[in-house]
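Chain A is the first sequence line, chain B the second, and so forth, proteins listed ahead of strands; every chain is numbered from 1.
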Protein chains: 2
Amino acid sequence: MIRPENAAEVRQLELFATGSETTFLSFTETGFVQRFPRGMVLFRENEPADFLHVVLGGTVELFAGSDKRETTLDIVRPVGVFILAAVLNDEVYLQSARTLEPSDILMIPAEKVRAAMDTDPGFARAIVMELARSYRRTIKDLKGMKLRTGAERLANWLLRADKEQGGTGEIDIRIEKRTLASRLGMTPENLSRAFSTLRPHGIEIDGSRVEIVRPDALIAFAAPDPLVDDPEVSPPAGRPGR
Amino acid sequence: MIRPENAAEVRQLELFATGSETTFLSFTETGFVQRFPRGMVLFRENEPADFLHVVLGGTVELFAGSDKRETTLDIVRPVGVFILAAVLNDEVYLQSARTLEPSDILMIPAEKVRAAMDTDPGFARAIVMELARSYRRTIKDLKGMKLRTGAERLANWLLRADKEQGGTGEIDIRIEKRTLASRLGMTPENLSRAFSTLRPHGIEIDGSRVEIVRPDALIAFAAPDPLVDDPEVSPPAGRPGR
DNA sequence: GCATGCGCTTGATTATTATCAAGCGTATAA
DNA sequence: TTATACGCTTGATAATAATCAAGCGCATGC
């Protein structure tokens, strides 16, 4: 059901790398890739979790809340899995998902994932690692929300984005600013003001491009903390020695 | 190493119920129960996660941050497991832990947990479920923080506490108010004011006791949302049909 | 008893964030 | 081109939360 070039790519994903060939086959045979236009809602919170989703191309926003109040919980880019937890314990989604640009999404039936977890120890182990990572990422987000102001969250987001984009000091905000605002837990108006706040702390803004002109100043303001800001890394192949 | 009456109790814990006898033996033989006085710090964030912790008696607070800014991330009561995720991928703790009253803590060496996960599929499955639950709980917390005001979080906390304590409308706040404030993401001063705010919405406060005198009024103010406020339940024994 | 400490509350002030309202600039379509 | 829409920004104001300061009440210990 899924194309060979996609299959190879998905197989690289850590979640699928250590499972058996049988497991992977059950996914490629029953899963399917679908291309969605920008702005399409893939599912809504409170719906039963019928599929595990994998972003092969494009960008997906996970959000939650009613019309009145809505917040972005995560932005998922290739190659990334989302809503694994809801799939595993056969629950409803806690988050809604929409595409931020045209996106290719691999959808794997939830029951196949649950079955594979029970029959394939290698896959079960990969699931544990992926879940532990997601959990720790969310704890970090929660710490950031509870311990920092909006401008501080933005400053640390910029430092992180710079690292992800090569550390050149030239950052391209690849999502709409209002989405970034929601991701950081503030209104679009306040994001604008937060950027202004950061100007004296070593950044220059031009539309969707941000330049870190004095990294030391920005770092001093942001006071990054590895236990909040460092990305959750995949565990090393072997056990790290201590 | 651990006393028989404790062993039986721990075996009941869902995390340990479906594992093999061998797995459980490896835990009871190498794990140990220790009694800590009130206010004792069990570990600090950024330390390597050497033990999986189980609260057998007492209360444990998970918190994070520096001296200047600190926040409570969770309160764990018997019988509850904590910091499973850090143990699994052999990482440092993202949270610190301290006892809020004299507490009995079972500590299981991290390497035993990781070894059991690799050899015991039943235990691996239980770990997956426990992790998925923790993750979804944290997502709910994050949604609450981003979407609600302090008074709303308090109102929903009261509704939840009432349910947990039998639904009599008589709630006993079993922790210090300043800890509750931190758990809800506000200062102690603001918690006091949040209680005052709720008085016209159907509650009466007397020290550490809160009475919900007009449940409908409190519910109207709180606007509880199952996708934020309902506790994460253990999945039913079989697969829920749909 | 009396003093002390400490958690809690309340008031005053400040900081932070949201809301409401306008206007600017760019992209898109007629 | 012109009109329109929309994202973004800025200003003014309001809501929410934190900080600083004082005092109250209760427990503990002398």
Self-check item: B:M145 CE - C:dA18 P separation (whole Å)
Solution: 11 Å
Practice problem: Sugar-phosphate atoms are those with a prime plus P, OP1 and OP2; base atoms are the rest. Using that split, label each nucleotide of nucleotides 12-17 of chain D B, S or - for protein heavy atoms under 4.0 Å, 5' to 3'. | Solution: B----B
Self-check item: B:I173 CD1 to C:dG7 P, straight-line distance once rounded to whole Å
Solution: 16 Å
Quiz prompt | Donor-acceptor contact below 3.5 Å, side chain B:K146 vs main chain A:R183 | solution = yes
Practice problem: Let me know the distance between CD of B:E176 and P of C:dT9, rounded to the nearest Å. | Solution: 12 Å
Quiz item: What do you reckon, is CG of A:D216 surrounded by more than 12 foreign heavy atoms closer than 6.0 Å?
Solution: yes
Quiz item: Hey, is CZ on A:R35 packed in by over 12 heavy atoms from elsewhere, all under 6.0 Å?
Solution: yes
Quiz item: So with a 6.0 Å cut-off around CG of A:D206, is the heavy-atom count from everything else above 12?
Solution: no
Practice problem: To the nearest Å, give me how far apart NZ (A:K68) and P (C:dC20) are. | Solution: 7 Å
Self-check item: Value in whole Å for how far the C1' atom of D:dC26 lies from CZ of B:R209
Solution: 18 Å
Quiz item: Between B:N190 (side chain) and B:M186 (backbone), is there a donor-acceptor pair under 3.5 Å?
Solution: no
Quiz item: Cation-pi between A:K177 and A:F195: NZ/CZ under 6.0 Å from ring centre and within 45° of the ring axis?
Solution: yes
Quiz item: Relative to the ring of B:F43, is the ring of B:Y93 parallel (under 30°), tilted (30 to 60°) or perpendicular (over 60°)?
Solution: parallel
Quiz item: Is the backbone N or O of B:A64 less than 3.5 Å from a side-chain atom of B:S96, with the two atoms forming a donor-acceptor pair by type?
Solution: no
Quiz item: Which whole-number value in Å describes the distance from A:L180 CG to D:dC8 C1'?
Solution: 13 Å
Quiz item: Nearest 0.5 Å, what's the OG-CZ distance between A:S103 and A:R77?
Solution: 10.5 Å
Quiz prompt | Where protein sits on nucleotides 21-29 of chain C, one letter per nucleotide: B base, S sugar-phosphate only, - none, heavy atoms under 4.0 Å | solution = ---------
Quiz item: Step by step, would you call B:E189 with B:R193 a salt bridge (charged side-chain N to carboxylate O under 4.0 Å, His left out)?
Solution: CA-CA 7 Å; B:E189 294 96 324; B:R193 292 181 184 113; over 6 Å; no
Quiz item: Taking everything shown except A:R209 itself, do over 12 heavy atoms lie less than 6.0 Å from its CZ?
Solution: yes
Quiz item: What integer distance in Å separates B:L191:CG from D:dA18:C1'?
Solution: 14 Å
Self-check item: Positions of residues 199-208 of chain B (non-hydrogen atom under 4.0 Å from DNA chain D), listed by number
Solution: none
